[in-house]
Amino acid sequence: GTGSRGVAVIERPEEADSEWERLAGLRNRPDLPMATFYPVGSYIAEEYIDGTEYSVESFSFAGRHIVVSITDKYHVGCVETGHKLPADLPEDVERTIVDHVVGFLTAMGLRDGIGHTELKLSSKGPRIIESHDRAPGDRLLDIMVTTHGVDLEQYASGWPCRKVPALTERPPVLAGAVTKWVNASPGVVERIEGVEEVRAEPDVMAVEVHLAPGDVVGAMDDNFGRHIQVLVTAEDTKTAEVRCDELVGRIGIVTRPAAP
Ligand SMILES: Nc1ncnc2c1ncn2[C@@H]1O[C@H](COP(=O)(O)OP(=O)(O)OP(=O)(O)O)[C@@H](O)[C@H]1O
Ligand SMILES: [Mg+2]
């Protein structure tokens, strides 16, 4: 998938037919955002994996995998609606995640470069959801510059020609950060409130606005249905979370019902 488009959890056999119809209908929708670049093609069915989901941001140096951040998530359905990093975890859980991902990347044969691995700590143990040898989205690279003092983009461009030294251990945590989205309810956007004031706060890294007055908003079915991203930093993740919630509450997207 891309941006969680076409991901569905089917809980009962009776739901299968209608869900399949809905999902298959995404194949012929050139009108959907980014559909030209990421057309919906084939589907896979998987066992449902329970538990809490994290992503693991790593860099591999000639086969030696260094985990930079373990990132906690907020979800609505299967859509990620925010991230908090570093995840606030007991040491043994953190070790389990790191060991699992390092073992996975080794098994996959990744030698060099950025890794972005999503996994769940399920009742059957850690399970990989998906993994990529590319940068994570949602500005996690920028956030890690603040939280861990590590710019993985510099490593991505510098490491292949050995212009940067390899990291030999996990970088220490310098700060916490939380990013969340403010989403409009379905309708036509009339106005957006509070963005400039929030953006001016010293602990706000960025506020990114992905919609404008006049836009028609539908239900949030995928990452492209997320509207305003707020990125906040603080001395630790918990403080950043409280602060992000407060700031997100100051932003409003006013919509009116769309014409039928
Ligand atoms: N087998 C599964 N069991 C449980 N949850 C799943 C499973 N597959 C996917 N999910 C949930 O759906 C989300 C989106 O799935 P996935 O990451 O595969 O799609 P994606 O299009 O790459 O999304 P994104 O771009 O947001 O990462 C996952 O992050 C996870 O929460
Ligand atoms: Mg994913």
Side-chain angles (χ1 to χ4, degrees), residues 1-13 15-16 19-20 22-30 32-58 67-87 89 93 96-97 100-101 104-105 108 110 113-144 152 177-183 208 210 218-231:
T2 299
S4 297
R5 178 171 292 156
V7 180
V9 179
I10 296 173
E11 291 179 46
R12 285 176 291 277
E15 293 169 13
E19 276 299 279
W20 172 247
R22 183 177 73 79
L23 296 174
L26 296 171
R27 281 179 174 146
N28 304 305
R29 293 284 307 278
L32 293 173
M34 302 295 277
T36 318
F37 302 107
Y38 304 119
V40 175
S42 47
Y43 286 87
I44 51 172
E46 299 174 343
E47 172 189 354
Y48 180 78
I49 297 166
D50 64 358
T52 310
E53 183 166 347
Y54 301 93
S55 69
V56 177
E57 326 312 333
S58 60
V67 168
V68 176
S69 173
I70 300 175
T71 306
D72 212 337
K73 308 286 164 196
Y74 305 94
H75 285 96
V76 172
C78 288
V79 181
E80 284 171 356
T81 52
H83 308 273
K84 43 181 160 172
L85 59 155
L89 294 169
V93 176
T96 300
I97 294 174
H100 194 74
V101 169
F104 173 78
L105 296 176
M108 294 305 289
L110 182 66
I114 297 178
H116 170 65
T117 305
E118 298 172 354
L119 93 166
K120 277 187 155 187
L121 291 185
S122 82
S123 47
K124 297 177 183 171
R127 293 286 185 276
I128 303 291
I129 295 290
E130 62 167 356
S131 179
H132 301 273
D133 58 342
R134 57 137 169 95
D138 297 345
R139 299 201 53 182
L140 289 179
L141 286 192
D142 297 329
I143 296 175
M144 281 186 285
L152 289 185
V178 167
T179 178
K180 286 192 173 188
W181 272 264
V182 182
N183 293 323
E208 282 195 10
H210 299 285
M220 191 200 54
D221 296 326
D222 55 39
N223 288 3
F224 309 106
R226 304 176 306 177
H227 300 129
I228 300 180
Q229 184 181 7
V230 182
L231 296 86

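As the structure is a prediction and not an experimental result, all values here were calculated from the model. Order of listing sets the numbers, starting from 1, for every ligand and every atom in it.
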#### Entry: Numbered atoms and elements of ligand 1 in range of E118, under 4.0 angstrom, heavy atoms
17 (O), 27 (O), 29 (O)
### Query
In E118, what N, O or S atom is nearest to the Mg ion (ligand 2), if we give its atom name?
OE1
### Task
Would you check if S4 and M220 make a side-chain contact, meaning some heavy-atom pair closer than 4.5 Å?
no
### Query
Has E47 got any heavy atom lying under 4.0 angstrom from an atom of ligand 1?
yes
### Task
Please work out which of S55, A45, G77, C78 has its closest non-hydrogen atom nearest to atom 12 (O) of ligand 1.
C78
#### Entry: Centroid-centroid under 6.0 Å between Y43 and W20 rings
yes
### Message
My understanding is that we take every heavy atom of each candidate and find the minimum distance to atom 22 (O) of ligand 1. Doing that for E53, R226, E130, which one comes out nearest?
### Response
E130
### Query
Rounded to the nearest 0.5 Å, how far does CD of Q229 lie from OG1 of T179?
3.5 Å
### Query
Heavy atoms, side chains only, cut-off 4.5 Å: are D72 and Y54 in contact?
yes
### Message
Can you name the atoms of ligand 1, numbered from 1 with element, that are less than 4.0 Å from a heavy atom of V7?
### Response
12 (O), 15 (O), 19 (O)
### Query
Among G6, S131, S4, G51, which one has a heavy atom closest to atom 21 (O) of ligand 1?
S4
### ligand 1 atoms in contact with E46 (distance to a heavy atom under 4.0 Å)
1 (N), 2 (C), 7 (C), 8 (N)
#### Entry: Under 3.5 Å: N/O of I129 near N/O of ligand 1
no
### Task
Would you indicate whether the side-chain heavy atoms of D50 and S122 approach each other to under 4.5 Å?
yes
### Message
Strictly distance-based, threshold 3.5 Å: is any side-chain N or O of R226 a donor or acceptor partner for the main-chain N or O of N223?
### Response
yes
### Query
Charged N to carboxylate O below 4.0 Å: is that the case for E208 and R139?
yes
#### Entry: K120 heavy atom under 4.0 Å from ligand 1
yes
### Message
List ligand 1 atoms under 4.0 Å from Y48, heavy atoms only on the residue side.
### Response
3 (N), 4 (C), 5 (N)
### Task
Apply the side-chain hydrogen bond (donor to acceptor under 3.5 Å, both in side chains) test between T71 and each candidate in E57, E80, H83; give the one that qualifies.
E57
### Message
So that I can check it, does any N, O or S atom in E130 come closer than 2.8 Å to the Mg ion (ligand 2)?
### Response
yes
#### Entry: Salt bridge K124-E47, side-chain N to carboxylate O under 4.0 Å
yes
### Query
Under 4.0 Å from any heavy atom of N223, which atoms of ligand 1 are there?
25 (O), 26 (O)
### Query
For ligand 1, is there an N or O atom under 3.5 Å from any N or O atom of H132?
no
